[in-house]
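Presented below is the structure to which this report refers.
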Amino acid sequence: VLKSAGSIWGFGYNSDGQLGNDKLVPINVPSQTNILATYKQVVAGKKFTLALRDDGTVWAWGDNTYGVLGQGNRVSARKPVQVQLLSNIVSIAAGDNHAIALDNFGNVYTWGYNSYGQLGNGDTNYRVLPVKVDGLQGIVKIKAGNGSAFAIDNNNCLWVAGYNGYGNLGDGTTGNKLTFTKLNTLENVADVSASPVNSTIVLLLDGTVWGFGNNRYNALTNAGGAIPQQLQGPDGALKNITSIGTGYYTGYAITSEEKV
């Protein structure tokens, strides 16, 4: 939990120190992380936490089996440690075991687990330190799925990388992408949200919502598969949407009238 004053509080499962309180026991009431600093964003991976400070530095704690803490090693941490080689960061994202950072120049950096190519560096090797992604410029927004990565550029184009077994990258195929690939099936992208079970929804500038990937339990309403389809609501196609989100086999959209 990120408070308005910039402090971070955690609770729940803590087997790998992902709550950042220098302990390895579960916490059933909110507990503040050990470093008393001002943060502006916090995201959670499977067993690790990533946080962005006001000064543009990135801090991480928890499980480091795949190097996602960005320390140049695989040593886990019970309290926040600074991710190396990063500065001027404006946004962060976390998958199950990989991380993404965006700097104020529009550059993207990735590190951690990479078996599906989700780091977008052209191979499947893990990275224990952040690496700048070649071929991505002018990026304004980043998001992560469990084994995938997404970036939106200043022309509102969507770039995708990583796991694609359910067609959850939306390019019409089910092959993994080892480099960030521009999605030609959608234009004028405003936002993207990827679920933990490989369902992806995209908000366009015109307020419509499109989905692709895993549609078990109707997580994408009428959609599903590798080709984006417009999502439907009780009264037809969703429209006038301003915000989207995904959960575990669920999807959410908020209208301009603040209806969910």
Side-chain angles (χ1 to χ4, degrees), residues 40-41 43 45 50-52 56-58 60 66-70 72 83-164 167-173 175-194 198 200-205 210 212-213 226 228 244 246:
K40 60 182 179 180
Q41 187 185 1
V43 293
L50 204 64
L52 174 61
T57 60
V58 179
Y66 303 104
V68 75
L69 301 189
V83 177
Q84 302 299 298
L85 307 180
L86 293 179
S87 60
N88 301 310
I89 301 301
V90 296
S91 183
I92 53 176
D96 270 4
N97 291 294
H98 70 288
I100 313 172
L102 172 67
D103 71 16
N104 60 357
F105 301 106
N107 300 309
V108 174
Y109 304 83
T110 57
W111 64 101
Y113 188 70
N114 194 35
S115 284
Y116 307 111
Q118 59 263 51
L119 301 188
N121 292 312
D123 57 42
T124 56
N125 299 322
Y126 307 165
R127 300 291 196 282
V128 296
L129 288 169
V131 176
K132 181 181 175 181
V133 178
D134 292 331
L136 280 184
Q137 296 179 340
I139 301 302
V140 297
K141 186 175 289 189
I142 54 173
K143 295 291 179 71
N146 62 338
S148 54
F150 302 85
I152 300 173
D153 67 21
N154 51 17
N155 291 313
N156 297 106
C157 297
L158 179 62
W159 297 75
V160 299
Y163 181 75
N164 195 33
N168 45 290
L169 298 184
D171 68 339
T173 76
N176 298 340
K177 299 289 181 288
L178 304 187
T179 60
F180 277 88
T181 303
K182 182 180 176 182
L183 194 64
N184 294 317
T185 53
L186 288 173
E187 298 178 337
N188 300 314
V189 175
D191 200 4
V192 59
S193 182
N198 302 300
T200 307
I201 59 176
V202 172
L203 172 64
L204 301 189
L205 293 177
W210 299 69
F212 40 95
I244 57 173
T246 51

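For reference, positions follow the sequence shown, starting with 1.
- A pairwise comparison of heavy atoms in Ala194 and Gly145 identifies CB-CA, 3.7 Å as the closest pair.
- In terms of modelled atom types and a separation under 3.5 Å, the side chain of Thr110 and the main chain of Leu119 share a donor-acceptor contact.
- Judged purely by atom type and a 3.5 angstrom limit, Gln41 uses its side chain to pair as donor or acceptor with the backbone of Ile92.
- Rounding to the nearest 0.5 Å gives a distance of 9.5 Å between OG1 of Thr57 and CD1 of Ile89.
- How far OH of Tyr126 is from OH of Tyr66: 5.5 Å, rounded to the nearest 0.5 Å.
- Neither side chain, Asn121 nor Asn114, offers a donor N or O lying under 3.5 Å from an acceptor on the other.
- With values rounded to the nearest 0.5 angstrom, Leu136 atom CG is found 4.5 Å from Ile139 atom CD1.
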CA sep, side-chain torsions, deciding dist, call: Asp171, Lys177, salt bridge (Lys or Arg N to Asp or Glu O under 4.0 Å): CA-CA 10 Å; Asp171 68 339; Lys177 299 289 181 288; 2.7 Å; yes

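- Within the 3.5 Å criterion, the main-chain N or O of Ser148 finds a donor-acceptor partner in the side chain of His98.
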Steps toward side-chain contact (heavy atoms from CB on, under 4.5 Å) verdict (Asp134, Phe180): CA-CA 9 Å; Asp134 292 331; Phe180 277 88; over 6 Å; no

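- With respect to the salt-bridge test (charged N to carboxylate O, under 4.0 angstrom), the residues Lys182 and Asp153 do not qualify.
- Across all non-hydrogen atoms, the minimal contact from Asn156 to Ile152 is CA-CG2, 4.1 Å.
- Atom CG of residue Leu158 and atom CG of residue Leu204 lie 10.0 Å apart, to the nearest 0.5 angstrom.
- Side-chain atoms of Asn164 come within 3.5 Å of backbone N or O of Gly175 as a donor-acceptor pair.
- Heavy-atom minimum distance, Ala149 versus Gln118: CB-O, 3.4 Å.
- Side chains of Thr246 and Ser193: a donor on one and an acceptor on the other come within 3.5 Å.
- Pairing each heavy atom of Pro228 with each of Thr185, the nearest pair is CG-OG1, 3.4 Å.
- Looking only at side-chain heavy atoms (C-beta outward), Pro130 and Val83 come within less than 4.5 Å of each other.
- With rounding to the nearest 0.5 angstrom, the CG atom of Leu86 is 10.0 Å from the CG atom of Leu52.
- A heavy-atom distance below 4.5 Å is not found between the side chains of Ile201 and Val192.
- The nearest pair of heavy atoms linking Leu50 to Ala60 is CD1-CB, 3.6 Å.
- A donor-acceptor pair under 3.5 Å links the side-chain atoms of Lys141 to the main chain of Ala190, judged by distance alone.
- Between the CZ atom in Phe150 and the CG atom in Asp191 there is a gap of 11.5 Å [rounded to 0.5 Å].
- Surrounding CD of Glu187 are at most 12 heavy atoms belonging to other residues, nucleotides or ligands under 6.0 Å away.
- Looking at heavy atoms from C-beta onward, Tyr163 lies in side-chain contact with Asn198 at the 4.5 angstrom threshold.
- In this structure, the side chains of Asn176 and Thr124 stay at 4.5 Å or more apart for every pair of heavy atoms.
- Counting heavy atoms from C-beta on, the side chains of Asn88 and Phe105 come closer than 4.5 Å.
- One side chain, Asp103 or Tyr109, offers a donor N or O that lies under 3.5 Å from an acceptor on the other.
- Taking the side chain as every heavy atom from C-beta outward, Leu129 and Trp111 never approach each other to under 4.5 Å.
- Residues Ser91 and Ile142 approach most closely at O-CD1, 3.6 Å, considering heavy atoms.
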